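Below you'll find the structure, written out as structure tokens, and then a few comments.
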Amino acid sequence: MTQTTVKPSLALGTLHTGRLPIPELIALVVGLGCFFAFPSNLGFMTEIVIMILLVLSLDLLLGYTGIASLGQAAMFGGGAYCAGLFALHIHNDPLLGLIMAALFGGLMAGVSGLLFLRAHGLSFIILTIAFGSLTFAVANQLNWLTGGDDGLYGYIMAPLFGAFEFDFFGRTGFLYSLGILLVVFYGLRRLVNSPFGLSAQGIREDRQRMTSLGFPVYRVMLMIYIIAGAIAGIAGALSAQTIQVVGLQSLSFTMSAEALVMLILGGTGRLYGAVIGTVVFMVVHHYAADLDPSTWMLVIGLMLIAVVLFLPKGMVQLVDMTRNKVSRLNGGAGHDNSK
Amino acid sequence: MGTLINILIDGVVYGLLLFMIAVGLTITMGLMRFINLAHGVFAMLGGYAAIWLIRQMGLPWLPGVIIAVLAIAAISVPLERWLVSRVYQRPPLDQVLLTIGIVFCMVAISGLVFGTRVSSMPFPEFLSGSLDLGFKVLPAQRILVVSVGVASFVGLWLLLEKTRFGIQLRATVDNVQTASAMGINTRRVATLAFALGAGMAALGGIVGSALMPIEPYYPLTYMVLFLAVVAVGGQGNLTGTLVGALLLGMIDTATKYLAPQLSSILFFVAIIVIISLRPNGLFGRAAV
């Protein structure tokens, strides 16, 4: 990670110099546009919104702090089971469940991060994979609690704010998830450009230098890990609440790996990269749903190899490349005029 | 007491198998600091190649196994040259992503070609019986694993300690730049070591197919296990890998004997505890 990437934060900075939260407004308009344009695909679009949240949490870890985790599904699935069980046994208010799941995701990340963040490179990656496998094994083992292979179901969510029922078409579910996404996105955007977020980016660029400069590197990384865990937990809770089933696959390694693929596809270190990558991946997945699972796995595998070899910075690199080309063309035209 | 002996014996068998499969991983990681999540693919492919050669082509057992091992080692050479070596200098994440990509592709392709069920490995007559050791009856296949495993360790040790290639390899593990400056062709060493590791993994996959059945999800199922052996044993350390493999083999066997219901939970907890306490391996020099 030696490339200097100060640009993204500057680019975002230009977007939020005004008081208006412009990116969130754009996302809101696009989201609402999709809401009215594709009323029969609301379930699928809700799924996209949820995955964007999960991928954003990974972007915060990997793209902004340089922590490569392959076990983010642990917190996602943990949040999903937490929200499902909370609704089933304690209270079925969605927002209350969401808060519980965020706390639970943060707690899982806090406990595991305390142990794991001392390790680097290979050891850290193995630890995150092992943690994912551990949570999967635990959920499978506790099938009296989690439903095991059959999944956790049978809870009915109370209306949102006591007024909006979760309808069969998924209207409430989509708007609810979209709203949460906008709030989280706004918070993340503030976070990554805050002094705290900048110190996280410093850790990504050069951990040793940040240590010598006297930054509490371990503590910053742990905080980021906990925040990312909480966001993953929120994503899991939304999934549990809108689909009303929690399955073991929410904890699987494939889930973690797919989230990573989406992030890499879009491009790390920019929040909108996570959004683009997720949307592209999910849409491709949706239309490839007719393929059998093996073929789909082959597609993901080839996508990964291609991105690593040809687009190491993700699809945002394509955007940059076109932008450069356009500006060069403009520059060339200006040159011609001067002649 | 009987259980303890069982755990010891089965743990050693399992540990030697893990050593055979993971030793290639430890060498390539030590050499090129290359994080390879796809190493289990070679073990699986070795298994499939042997099954195909023996069942479909009708080869006798031993030649079938030898050709399968050589074939996998040969296949790994272009893979290393054209694909894997392109990310040697890249950040660990790129290596992880590329190798996960390879795993997904190979899982998918094996599923499509060989079917998603377990493919059973044919074994010759003299390996399908069992041997009475007096205090325990051992299936002959486990004895095969032990003998091949021990022979592999000794062979590799001799190769690394006594041959010119071994000297070059150890020099490259210690410091690539210096080794290169001394006139060692480190690219060639890396390719040969990669092929050697792939062949070893194929051999392990074949002789261990009774313990780790050959099926398309093989590389994903055992991924953590192989990586953990390297993390515990230390990168590029032959004896360390053997100790790490035996330790993890023992732990896994012990949890299966003592608490079969909780075995996978306990095993992952054990891995997490060991690696978080000793992130640089049991005999860890600080990671470079």
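All values derive from a computational prediction rather than experimental measurement. In what follows, every chain begins at residue 1, and chains take the letters A, B, ... in the order their sequences are listed.
Not counting sequence neighbours, the partners of A:R209 by the salt bridge (charged side-chain N to carboxylate O under 4.0 Å, His left out) test are A:D206. Taking the ring-ring contact (aromatic ring centres under 6.0 Å, His included) definition, one finds that A:F136 meets it with nothing, sequence neighbours left out.
Taken to the nearest 0.5 Å, the CG atom of A:L127 stands 11.0 Å off from the CD1 atom of B:I274. Distance check: A:L117 CG to B:S276 OG gives 11.0 Å after rounding to the nearest 0.5 Å. To the nearest 0.5 Å, the span separating CG on A:L134 from CD1 on B:I271 amounts to 10.0 Å. Distance CG/B:L266 to CD/A:Q141: 9.5 Å, rounded to 0.5 Å. Atom-to-atom distance recorded for A:L263:CG and B:L97:CG is 9.0 Å, nearest 0.5 angstrom.
Contact between B:F268 and A:S133 at its shortest, heavy atoms only, is CZ-CB, 3.2 Å. Of all the heavy atoms in A:A257 and B:F104, the pair that sits closest is CB-CZ, 3.9 Å. Taking both residues in full, the closest heavy atoms of A:V138 and B:I265 are given as CA-CD1, 3.8 Å, listed atom of the first, atom of the second, then distance. Taking both residues in full, the closest heavy atoms of B:A231 and A:S123 are given as CB-OG, 4.5 Å, listed atom of the first, atom of the second, then distance.
Annotation: residues 37-47 of chain B contacts chain A through B:L37 [non-hydrogen atoms, separation under 4.5 Å].
In this structure, the side chains of B:L83 and A:I305 come closer than 4.5 Å at one or more pairs of heavy atoms. Inter-residue side-chain proximity for A:F116 and B:I272 is flagged as met; some heavy-atom pair is nearer than 4.5 Å. Counting heavy atoms from C-beta on, the side chains of B:I100 and A:L304 come closer than 4.5 Å. At a threshold of 4.5 Å between non-hydrogen side-chain atoms, the residues B:M223 and A:L70 do not count as touching.
Of the atoms belonging to B:M106, not a single heavy atom falls under 4.5 Å from chain A. Of the two parts of B:Y217, only the side chain, counted from C-beta on, holds a non-hydrogen atom closer than 4.5 Å to a non-hydrogen atom of chain A. At a 4.5 Å heavy-atom cutoff, the contact between B:V96 and chain A is made by side-chain atoms alone. If you measure heavy-atom distances from B:V269 to chain A, the contacts under 4.5 Å come from both the backbone and the side chain. Only the side chain of A:I264 has a heavy atom closer than 4.5 Å to any heavy atom of chain B.
Applying the salt bridge (Lys or Arg N to Asp or Glu O under 4.0 Å) rule to pairs touching residues 247-271 of chain B yields B:D252-B:K256, sequence neighbours excluded.
Within 6.0 Å of CH2 in B:W52 there are 12 or fewer heavy atoms belonging to other residues, nucleotides or ligands.
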Side chain to side chain contact (heavy atoms under 4.5 Å, CB included) between A:I125 and B:Q95, worked out
CA-CA 12 Å; A:I125 289 172; B:Q95 306 173 346; over 6 Å; no

